[in-house]
Amino acid sequence: MPAATTDPHTSRTRSWWGWGYADAHPDDAECVATGALLPGTLPRPLPIPEVADLPIGRPAATPPASLAHLVTADPAARAAHAMGKAYRDVIRALRGRPGRIPDLVARPTRDQDVADLLDWAGEHGVAVIPFGGGSSVVGGVEYRGDAHHAVLSLDLTSMGRVLEIDTAARSARIQAGALGPALEAQLRPHGLTLRHFPQSFEFSTLGGWLATRAGGHYATGHTHIDDFAQSLRVITPAGTGTSWRLPASGAGPSPDRFFLGSEGTLGVITEAWMRLRERPRHKASASVAFADFHRALEAVRAIAQSDLAPANCRLLDPGEALLSGASQDGSAVLVLGFESATAPVDARLAAAVDLARAHGGRGAAAPADLPISHGGRGAAAPADRDAPPDAAVGAWRSAFLRMPYLRDGLARMGAVVETFETAATWGAIPALIDAVRTEVGAAAARATGHPATINCRLTHVYPDGAAPYFTVAVAGRPGDEVEVWDDIKAVAAEVLHRHRATITHHHAVGRDHRPGYDRQRPDPFALALRAAKDALDPHRILNPGVLLD
């Protein structure tokens, strides 16, 4: 089995063309059964693509002997680094049209390796695409265009160690290539956790989270990786810099904020000091059903504006609840979860359930708080798996983790499946959700001639607004799935812009969200960003086309 497609921390093989592990993908029978839910899909699934069938030519660049030990031109490695894991990427792989495949894949093991690779690439006009776990769903880790004669994928996963732990300050210095499970496994013996669990937890890295300002498990409070970053070390073509490690500072614009969300365009994050917390000992969860989705929105707003601070506060609309098995009667479902390292949480959960009931919620009495034993917990377990949930919570959680694999199964059936997320203030949320359902649904039907399914859930909530997450599924036009996806994406972006909703809450900008980002950011900021790019990356080799031209 080629090393490029094998997870370095397990014996399982990663899929080069789709999400996650190859052995977890739906088989042909499951693909057909899932495709039957969408009228107009293919009668049989598209075959799983093979690396040997791809048009992988000879590399257009050769590294010097001093760097040769860091670089490979292995076809399997190059294919696995050609794209991220968006629907657009999956269907291109299935159709044998993966786009520009990198010429080389580099796996540095130390900061000096990164600096040397950037120096060589700058001197020879080689584009460098920083690569963590490759889970980008916005075109963030692929090369588009022809401005560079060669492309190098810079894979940081060989730099994945926890280097130092400061127990007094409850923080750790961690290399950027640490994948989620390995990171948590190194912190666990100290009774500490970063407690950042995006859906991509198993297949994404600390550096990727920082570079994309990733959202994690928490639905309130510290929702983004930004909140946990204490100090960053970044290597740029113009030099290396490390910010001071401080609990807080008012000294001018923050150097950490400058690189957070920069998506590999200004420099390569190689390590960071991260704020940690004690592992939770108390957890409790419950679900509340609503006959009226808009009353459910009001309930969530009331909880978000209270001081209860739930770890999980996800509202599923009726379609999302049905798809996940959380509800079978057309109800919307609110999934609530609380956790603490120091005190029972049953009273907080009960108070949140009472707030939900005051807005028309029903059912699901809050269970008693249960202390947690961490012995034997799997390294890859997402954040809220320890406490026994109620049936709806458990159904949603299982569906949440399985959904990316099912999406790939639908792609094999010729369906178009798009997910996008946003954030807006509470006053805009109801009209925004209604507009997406109406306008994006109509656009999907026009593009395909088939009715579309559009579901929504709130993934994160704040006192002043929320983050709706949409899933669109429709039978595609065979062979034209990417064009249909592009049409749907454009209409969705227009709806978000008109409602003053962000182009992304936590998926990043990449290349797919560039038009929306260009419209959202202020012109003076764009001017400053271009100047920073010129100063730090004078040869314009770092992730070209992301954030700016």
Side-chain angles (χ1 to χ4, degrees), residues 111 114-115 118 130 132 140 154 156 159-166 168-178 180 183 187 192-196 198 204-216 218 221-277 423 460 462 502 504-510 517 521-522 524-526 528-537 542-543 546-548:
D111 284 7
V114 175
L118 293 185
L154 186 67
L156 274 292
M159 299 172 66
R161 293 184 296 129
V162 174
L163 300 172
E164 187 176 352
I165 295 179
D166 181 346
R170 215 162 59 182
S171 54
R173 182 165 65 98
I174 308 170
Q175 289 183 307
L183 187 160
L187 297 177
L192 297 171
T193 175
L194 179 59
R195 213 68 184 148
H196 182 78
S204 55
T205 63
L206 173 64
W209 301 341
L210 294 165
T212 60
R213 299 181 66 193
Y218 285 103
H222 295 333
T223 60
H224 279 71
I225 197 67
D226 312 32
D227 302 313
F228 303 103
Q230 190 180 61
S231 166
L232 301 184
R233 180 169 175 80
V234 183
I235 298 177
T236 80
T240 300
T242 305
S243 61
W244 283 23
R245 185 178 159 228
L246 298 165
S249 174
S254 166
D256 294 333
R257 292 281 176 179
F258 181 68
F259 288 105
L260 286 166
S262 59
E263 301 191 32
T265 63
L266 303 178
V268 180
I269 299 170
T270 59
E271 65 180 55
W273 275 96
M274 302 299 296
R275 298 180 176 92
L276 308 177
R277 60 185 62 199
H460 301 75
Y462 306 91
T502 181
T504 178
H505 172 265
H506 58 265
H507 277 174
V509 175
Y517 179 64
R521 66 186 176 194
F525 178 77
L529 187 61
R530 284 192 289 269
K533 176 73 169 177
D534 289 338
L536 296 175
D537 183 20
L542 284 173
N543 222 1
V546 171
L547 297 185
L548 72 171

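Everything numeric here is computed off the predicted structure, so don't read it as measured data.
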Can you sort out the partners of [X] under side chain to side chain contact (heavy atoms under 4.5 Å, CB included), two or more places apart, ordered by chain and number?
| X | value |
| --- | --- |
| Pro247 | none |
| Ala169 | Asp166, Ser171, Arg245 |
| Pro255 | Ser243 |
| Leu246 | Trp244, Ser249 |

Does [Y] offer a backbone N or O that forms a donor-acceptor pair with the side chain of [X] under 3.5 Å?
| X | Y | answer |
| --- | --- | --- |
| Asp537 | Leu542 | yes |
| Asn543 | Glu263 | yes |
| Arg275 | Ala229 | yes |
| Thr504 | His507 | yes |

Residues passing the side chain to side chain donor-acceptor pair (under 3.5 Å) test with His460, sequence neighbours excluded, are none
Assess the residue pair Arg257 and Arg213 against the criterion (side-chain contact (heavy atoms from CB on, under 4.5 Å)); give the C-alpha distance rounded to whole Å, side-chain angles, the decisive distance to 0.1 Å, and a yes or no. CA-CA 10 Å; Arg257 292 281 176 179; Arg213 299 181 66 193; 4.0 Å; yes
For Arg521, all residues meeting salt bridge (Lys or Arg N to Asp or Glu O under 4.0 Å), sequence neighbours excluded: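 If we apply the salt bridge (Lys or Arg N to Asp or Glu O under 4.0 Å) test to Arg521, skipping adjacent residues, the hits are Asp518.
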Can you confirm whether or not the ring centre of His196 sits under 6.0 Å from the ring centre of His222? no
